[in-house]
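Below, chain A is the first sequence line, B the second, and so on; all start at residue 1.
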Amino acid sequence: MSLRDVYVIGGNRIPFARSGGKYLKASNQDMLTAVIDGLVARYGLAGERLGEVAAGAVIKHARDFNLTREAVLGSHLSPETPAYDVQQACGTGLETAILVANKISLGQIDSGLAGGSDTTSDAPLALNDELRQTLMQANYAKTPQQRIKALAKIRPNQLVPEQPRNAEPRTGLSMGEHMAITTKEWGISREAQDELTVNSHHNLAAAYDRGFFDDLVTPYLGLTRDQNLRPDSSVEKLATLKPVFGKGEGATMTAGNSTPLSDGASMVLLSSKEWADEHKLTPLARFVDGEASAVDYVHGKEGLLMAPPYAIARLLKRNNLTLQDFDFYEIHEAFASTVLCHLAAMEDAEFCKTRLGLDEPLGAIDRSKLNVNGSSLAAGHPFAATGGRIVATLAKMLHEKGSGRGLISICAAGGQGVVAILEATSEDNK
Amino acid sequence: MSDTYANLVNNGVGKEVANKLGLPRPAQLRRYEKGQDLVDGPVAVGGLGTAPVAATARTVLSGAGATVVEATAESSYDGRLGAVVFDASAARTLDELEGLRAVLAPAVKSLGKSARVIVIGTPPDQVEGAEGAATQQALEGITRSIGKELRAGATANLLWVDTDAQSDAGSLAAPLEFFASSRSAYVSGQPLRVRKASDDQASDWRAPFVGEVVVVTGAARGIGAEIAKVFARGGAKVIAVDIPAAGDALAKVANTIGGVALQLDITAADAGERIAKAVAQHADKLDVIVHNAGITRDKLFVNTDADRWGSVVNVNLQSQFRINKVLLDPATKGGLRDGGRIVSVASTSGIGGNRGQANYAASKAGVIGLVRSLSAELADRHITVNAVAPGFIETDMTKKIPFATREVGRRLNSVLQGGQPVDVGEAIAFFAEPGSSGVTGQVLRVCGQSQIGA
């Protein structure tokens, strides 16, 4: 079987809101549906049957077992478009793009949507686990006596609901606490983190100002730009914030240089060349390849968010590329220090040799090519929505430039990383 | 967009009370629905002298499925007429107008609900001699007065047909069908000039835009959204344009009509190029551009600052020049084709002025100037340029007008009510029809013959 080229035709997202902000009353399904509809309108796909829609949410209600399919049914796509949910923490969005791209490449489908949605404002609160077990026992009781006996076990403290936690189940540490350990290990300074953060805000604001997002974002519930965006952010202002992760002298991570909890959704449209031609749509970029990795952070062998360099090393090797062969680097800013740790590790000969098994370090990148239109620190990071945001943004950047290649890197909970390569279409490269 | 008064006096007890008290009762206007007949009842056609247009009108009307009967001074009509078409184009003396009175009066008496009076004349500037010109000009006074007397949703309009177009069905069909049909529900007392059609493109009045690509600016809501829907109903692929901040509403409109949403600030320097690029995704050339986007920044003239002045003129008028320039360049991929259509939205404010709207009226009067000049410039390329001037239309915008002012705007017209956004869409779509190639440089008021802005 021969493989086909896969193209990013475009994308859509809603502006990302801060948790408890403008999207307080929006569910994942609401947001995902709005994003699909915005994309359908942009490309004139009303009533169209696509090959599939793959999407997911990291924080999900039990009722959302068929989230993506329900969103498709609520959208203007043909109801004959199949859909499924994917969940790979913050890698969800990019992983769905890889899945859809692979199917297109194999010729199983010709077109598809990939993306994700997340809300921490409409998070599920579950029954207290002891209460849930008690109620289950009562439910299965055969006699009234048994039932009363079971129900008698209910205690007032069981009425406090289970809340989703932003912590790793195996270590009990929050992501920020994990990151603080890694940040210290790599000696990332507060100044460097704040500087990266300021760049993110300024770059994103400039991109909005020049209309870059006019065909990437559809307003939603009164929000026209990302709620977290602070165009007037400065190193001086960020320097006044107190560290929130890590302890004592060495603590450098603040609410400013960490991404806030946020709500939002995104989608990208992928297709074969034939499908794009048939629909008279101009591809923005070619989806070249993707790779996932995972590290053993449980036993302290590696930092929780340090998986991406492992995936990058393998992906570069498979594609005969070096880290310097890119015109754009889109490294997801979970925390400013995540990006800086990745860059430091990839420059470090010892890390690259012992951990990645490379003779030479991956090396430094031209920092002027990093997150040039802003990233998660400014836009916010609704977990599963970040991949779609980055794929569409990078694809448009490559189309505007008319040549070159871009690298996407996203770290994810559970010690995982998902990375991918896009390049300008051959027509652009001419 | 509800007209509470009209609803009250047209239903149940309210209707009886209104009748007893002799209160004015705004009629429920007949509006286009899918599959609707051209007219609701037979059409009486008559004329003066050789009546050169009457024969053409009979052909057109029967071709469109209407029952045509003769209108003479002796005619008596069974039941209610759907329309009367009177050809006075051959009249050259004032004495002949008595013939018009004698034939038209009994026909007008027999009109049914939402019926149509269509008077046909020769443009006075094509008639030799002062009496001939006076006779033809008299038709305008007659038509406008009949329009003000008609009730029950009926309208009266005047077609001034150029001499070389008078026996050409291709030139007459689209204008005649528009004024006869329910699509002209809120157009009354208006003269419209019809020239010889530049190409003989017969089109189905129910689906004139099949295979065409149409751009509508300001399409996210109100009048623009309805314009987009009318074009989609007629078979067009609509590219709906609005500012990025209105993107969610725009997406809904586009998806409802199977169109495309283009988030774009029309005042951007590259707006024309971006529109052309979007068109090129669907066709080599654009068929129709509708310049509908507009803003108001009302303030008394003496209190209007440079920003309120400039922004209104920029959005409502200057943007059209910039966009047209790109679309009219024959080298532009996705530009307007020869034989294409430009339709702008003017306003009765641009004709009559309006207190607190010097900036807005400047932009809308400017649109009229643009239409008149550009239509002549583009005649060689068979591109028509026209404008529609809406009067009081029931929109979110007019809903915000204070009650008393709003009621005045609503009632001071011949049909005693505000128009619907779709009425503006219908008039714009008429200008854009393939069959309307003989209609250019015109400004058509969609105002129910409003006394405001006249």
Side-chain angles (χ1 to χ4, degrees), chain A residues 9-15 17 22-23 26 30-31 33-48 72 74-78 207-226 265 267 269 276-284 396 399-400, chain B residues 211-217 219-221 224-225 228-229 231-233 236-286 333-334:
Chain A
I9 305 302
N12 187 43
R13 70 176 175 97
I14 51 177
K22 290 266 189 182
Y23 302 166
D30 294 339
M31 294 192 291
T33 309
V35 166
I36 293 174
D37 272 346
L39 189 142
V40 165
R42 184 164 299 142
Y43 299 102
L45 300 175
E48 190 93 16
V72 167
S75 78
H76 281 83
L77 281 178
S78 160
Y208 269 110
D209 286 345
R210 71 181 171 96
F212 179 79
F213 291 111
D214 281 3
D215 56 0
L216 291 174
V217 173
T218 304
Y220 186 59
L221 299 183
L223 208 54
T224 56
R225 289 186 176 196
D226 304 308
M267 279 280 176
L269 172 60
D277 287 346
E278 233 169 77
H279 290 75
K280 291 190 176 161
L281 294 169
T282 313
L284 296 180
K396 182 168 175 185
H399 184 61
E400 278 189 341
Chain B
E212 293 203 352
V213 177
V214 176
V215 169
V216 180
T217 68
R221 52 177 66 93
K229 286 176 194 168
F231 276 103
R233 185 190 79 196
K237 181 72 153 183
V238 177
I239 298 174
V241 180
D242 216 311
I243 50 169
D248 40 357
L250 186 69
K252 286 194 180 82
V253 171
N255 285 336
T256 309
I257 61 174
V260 176
L262 176 61
Q263 299 184 165
L264 169 74
D265 179 350
I266 53 163
T267 63
D270 63 345
E273 283 84 2
R274 283 164 69 184
I275 289 172
K277 207 178 148 202
V279 172
Q281 300 252 328
H282 301 277
D284 293 339
K285 283 286 182 184
L286 177 64
K333 212 180 151 200

Looking only at heavy atoms, what is the nearest atom pair of B:Ala246 and A:Pro219, with distance? N-CG, 4.5 Å
All pairs passing side-chain hydrogen bond (donor to acceptor under 3.5 Å, both in side chains) where residues 269-281 of chain B contributes a residue, at least two apart: A:Asp214-B:Arg274, A:Thr282-B:Gln281
A:Ile14 versus chain B, the contacting section by heavy-atom distance below 4.5 Å: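 Contact with chain B: none, neither part.
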Between CG of B:Leu250 and CZ of A:Arg42, what distance do you get to the nearest 0.5 Å? 9.5 Å
If we ignore hydrogens and angles and just use 3.5 Å, is the side chain of B:Asn255 paired with the main-chain N or O of A:Ala41 as donor and acceptor? yes
For chain B, which of A:Thr224, A:Asp215, A:Asp37 has the most heavy-atom pairs under 4.5 Å?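 Going by pairs under 4.5 Å, I would pick A:Asp37.
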For the CZ atom on B:Arg221, are there more than 12 heavy atoms of other groups (residues, nucleotides or ligands in this structure) within a distance under 6.0 Å?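 Counting neighbours around CZ of B:Arg221, 12 or fewer heavy atoms of other residues, nucleotides or ligands fall under 6.0 Å, so no.
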Hey, is NZ on B:Lys252 packed in by over 12 heavy atoms from elsewhere, all under 6.0 Å?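 Incorrect, the count does not exceed 12.
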